[in-house]
Amino acid sequence: MPAPRSCTPLLQQDRLGNGDCTNQERLANGVCKKRDRPANGDCKNQDRLANGDCKNQLLARRQFILQHRKSLPIASVEKRLVEEVRNNDTLIIVGETGSGKTTQLPQFLYNAGFCYDEKVIGITQPRRVAAVTVAKRVAEECNVKLGEKVGYSIRFDDMTSNSTRIKYMTDGLLLREALLDPFLSRYSIVIVDEAHERTVHTDVLLGLLKKVQLARSKQHNIIKENANYRENSRSLSQGAKYTSLKLIIMSASLDAKCFSEYFGGAKAVHVQGRQYPVDVLYTYQPEPDYLDATLITIFQIHLEEGSGDILAFLTGQEEIESVERLVHERIRQLPERNQNLLTVPIYASLPSEQQMNAFKPAPSGFRKVILATNIAETSVTIPGIKYVIDPGLVKARSYNPVTGTESLIIIPVSKAQALQRSGRAGREGAGKCFRLYPENEFHKLIDSTVPEIKRCNLANVVLQLKTLGIDDIIGFDFMEKPSRMAIVKSLEQLFLLGALSDDYKLSNPVGHQMARLPLDPMYSKALILAVEFKCLEEMLIVVAMLSVESIFYFPREKMEEARTARKSFSSPEGDHITLVKVYRTSAECLEKSKITNGKEKSIEKKLNKWCRENYINYRSLRHARDIHSQIEGHIQQMGFSLSSCGDDMQQFRRCLTASFFLNAGMKQPDGSYRALASGQTVQVHPSSVLFRTKADCIIFNELVRTNQNYVRNVTRIDPLWLPELAPQYYAAHS
DNA sequence: GAGCACTGC
């Protein structure tokens, strides 16, 4: 794949093949070197070793790390890269997989003196796990304790200190920091990594960084003009609060040009990667049934190709389960010597213990076929993959701003995604990728996935920008502008929630309070209202529980047991109060085990056991508890007192009505509901406790379109409460 | 009587 036109290739002469090499390219590129593996010199469990042995091991480990660092493709261009950063305020770095850019560049810049005046180099990642693992790795390479010179900061987990100079974090967290420090004054450099993924956070961050950079360089110039030029630059910058901000955008290859254009023609450089070649094969004809084609390909590989595990990309849990069944059926029909094939499913909602199965090596003599969603595209890297099967489809979220409906639809992948998938076969050696569509179809795919900002609800984005003093949202310099309709709808929603005043500026205090809370704006508003309704304790539990993936877990084979377990929590009033009951019962269970055994690990184990017994998703509940305690902290800082409505659940339901009035529904004669805001016909989702009870009037939290429109998290209310508690909306409508 | 890819504060 050629480097984009605006790219300066660094070291192209010895570039290895990348993830999408054809045979010819592979020959031209020569033989790949085997990757160095760091030795596992862990001393912790080796107390019995003499002290000297341990020291030797540590020394060996350090030696190994040093060698590994030197061998990375990026190592040989350190000087040039540092020079480019000195000479350019904004630099785009196109780095292929395995170049070492994420771990090495911050160290190069630190050593080159970019952390003057206690300034920090910030590196953002789209995912929490990446921020943590990379920070750990770099701390080890620097031979420092994590949290000192090198640290990370993600939600619920801050491993930084005053001495931290290289800070890895999620992009969303840096956005939150910007709300408190709009000039990002602690940072001398911000590196936005994996920018090609174009998450909402990345896109908003890029727009913001562009603005901050301009503002800081203006400030810097004013200070420079007023200062005495004979002084050295160090004392100059000491006097200045804002020195200029260096910006580095790191991306995978395809779209360097659009970043460069957005940043006024910023320079882009290319760093080679280290990937083994992957042969890409296509089908001759389009496949009418991609599941069947996947199945055939799995067995074709298993029976005809050499050893190595298979990774097949499917769109969801249901597909994975059905392909798994079919594979098992066909294995049984094979001669016994060929039955050495093992299936392993992996998708996000699978409990972590089961997810781990994908990482275990197959028993000797067996081949593993991993059936995965796009969790295996970027979020997890499974070792041992030699063959990739890519039907070329993905389940993607789409959002209709007019109706406020979210839906998940199966669409073709983008070229970038297809490359990412095939690259998974070339991590440890040469591999093969079977694309289950003809080659000409590949060329018809869009270059890169539509950025998330163009297909999601923007209420939160708008609220954050308003907080940063950016009032003209429609005129804001987005890298890719969301539709005008989407922006207008979110402005309207925020106005109705009282976050914006009549002139569409952030209102005081409600708008500012809402912006401080890391929640969906509607949930923030619910908390603020709960203060008046004196049910803050209950509402805090509800918003924490609503903010996570589904709390209840329904395994197909134990449907009945799961249903009985849930019945013990369910409230006739609806799902919200049911969630409160679950939370409170789990908290009681925790309290009890705290009294009997104070050790944190055994308390967590107890909670885990309680969750299994009650068919509750432990991960989700854990997450909800984290959110609960974080928001509780914010609420206390804001001076709200934690009131409870006790047994007066009517008060609580009135508060739900006042908060979620935009999501109200009226029963129709046929038992379906009419969503009042959009006029759509919706059904209560079968997972709701109100599925059978047909209340006259309901409020809900989610409207999802699958086969039909479903509303989830539903509570029964009195229709008269709507005009009473939300006159700004229902007085005009009734 | 349904089913929901993946992230993030």
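Heavy atoms only: backbone and side chains are in, while hydrogens, waters and symmetry mates are out. From a predicted model like this one, the values you see are computed outputs, not experimental measurements. Convention: sequence-line order gives letters A, B, ...; per-chain numbering from 1.
A donor-acceptor pair shorter than 3.5 Å cannot be found between the side chains of A/E452 and A/Y399. For A/T199 and A/D171, the side-chain atoms include at least one donor-acceptor pair closer than 3.5 Å.
The side chain of A/T378 places no N or O atom within less than 4.0 Å of a non-bridging phosphate oxygen (OP1 or OP2) of B/dT7. OP1 or OP2 of B/dC6 sits under 4.0 Å from a side-chain N or O of A/T373. Note on A/R128: a side-chain N or O is less than 4.0 Å away from OP1 or OP2 of B/dC9.
Note on A/R127: only backbone sugar-phosphate atoms sit closer than 4.0 angstrom, heavy atoms only; bases stay farther off. Across all strands shown, A/T170 has heavy atoms under 4.0 Å from sugar-phosphate atoms exclusively, and none from any base. Across all strands shown, A/F156 has no heavy atoms under 4.0 Å from either base or sugar-phosphate atoms. Here A/R705 lies out of heavy-atom contact (under 4.0 Å) with every strand.
Both A/D520 and A/K395 lie near DNA chain B, and the one whose nearest nucleotide falls closer to the 5' end is A/K395. Take the nearest nucleotide of DNA chain B for A/Q708 and for A/E452: the residue whose nucleotide is more 5' is A/Q708.
Across the protein-nucleic acid pair, A/Q683 atom CD and B/dA2 atom C1' stand 11 Å apart, rounded to whole Å. Protein atom NE2 of A/H623 is 11 Å distant from nucleotide atom C1' of B/dT7, rounded to whole Å. Taking atom CD of A/E318 as the reference point, atom P of B/dG3 lies 8 Å away to the nearest angstrom. To the nearest angstrom, P of B/dA5 lies 14 Å from CZ of A/R421. Counting to the nearest Å, the C1' atom of B/dC6 and the CZ atom of A/R397 are 8 Å from each other. As a whole-Å value, the separation of A/E319 CD from B/dA5 P is 9 Å. In this structure, A/H201 places its NE2 atom 18 Å from P of B/dC6, rounding to the nearest Å. Between the CZ atom of A/R455 and the P atom of B/dA5 there is a distance of 15 Å, rounded to whole Å.
Although no hydrogens or angles enter the test, the distance criterion places no donor-acceptor pair under 3.5 Å between the side chain of A/S688 and the main chain of A/H685.
Picking from B/dC9, B/dC6, B/dG1 the nucleotide with the shortest atom distance to the side chain of A/R155 gives B/dC9. Taking every side-chain heavy atom of A/P518 into account, B/dC9 is the closest of B/dC9, B/dG3, B/dA5. For A/L173, taking side-chain heavy atoms from C-beta onward, the closest of the listed nucleotides B/dA5, B/dT7, B/dC9 is B/dC9. You'll find that the side chain of A/R563 is closest to B/dG1, out of B/dG3, B/dG1, B/dA5.
Using cut-offs of 30° and 60° on the angle between ring planes, the pair A/F552 and A/F569 is tilted.
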With ring-ring contact (aromatic ring centres under 6.0 Å, His included) as the criterion, how do A/H196 and A/F259 come out once you've worked through the C-alpha distance, each side chain's angles and the decisive distance to 0.1 Å? CA-CA 9 Å; A/H196 61 278; A/F259 291 113; 8.3 Å; no
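Taking only distance into account, the side chain of A/R176 never meets the base of B/dG8 through a donor-acceptor pair shorter than 3.5 Å.
Between A/R198 and A/E480, at least one side-chain N (NZ, or NE/NH1/NH2) sits under 4.0 Å from a carboxylate O, which counts as a salt bridge.
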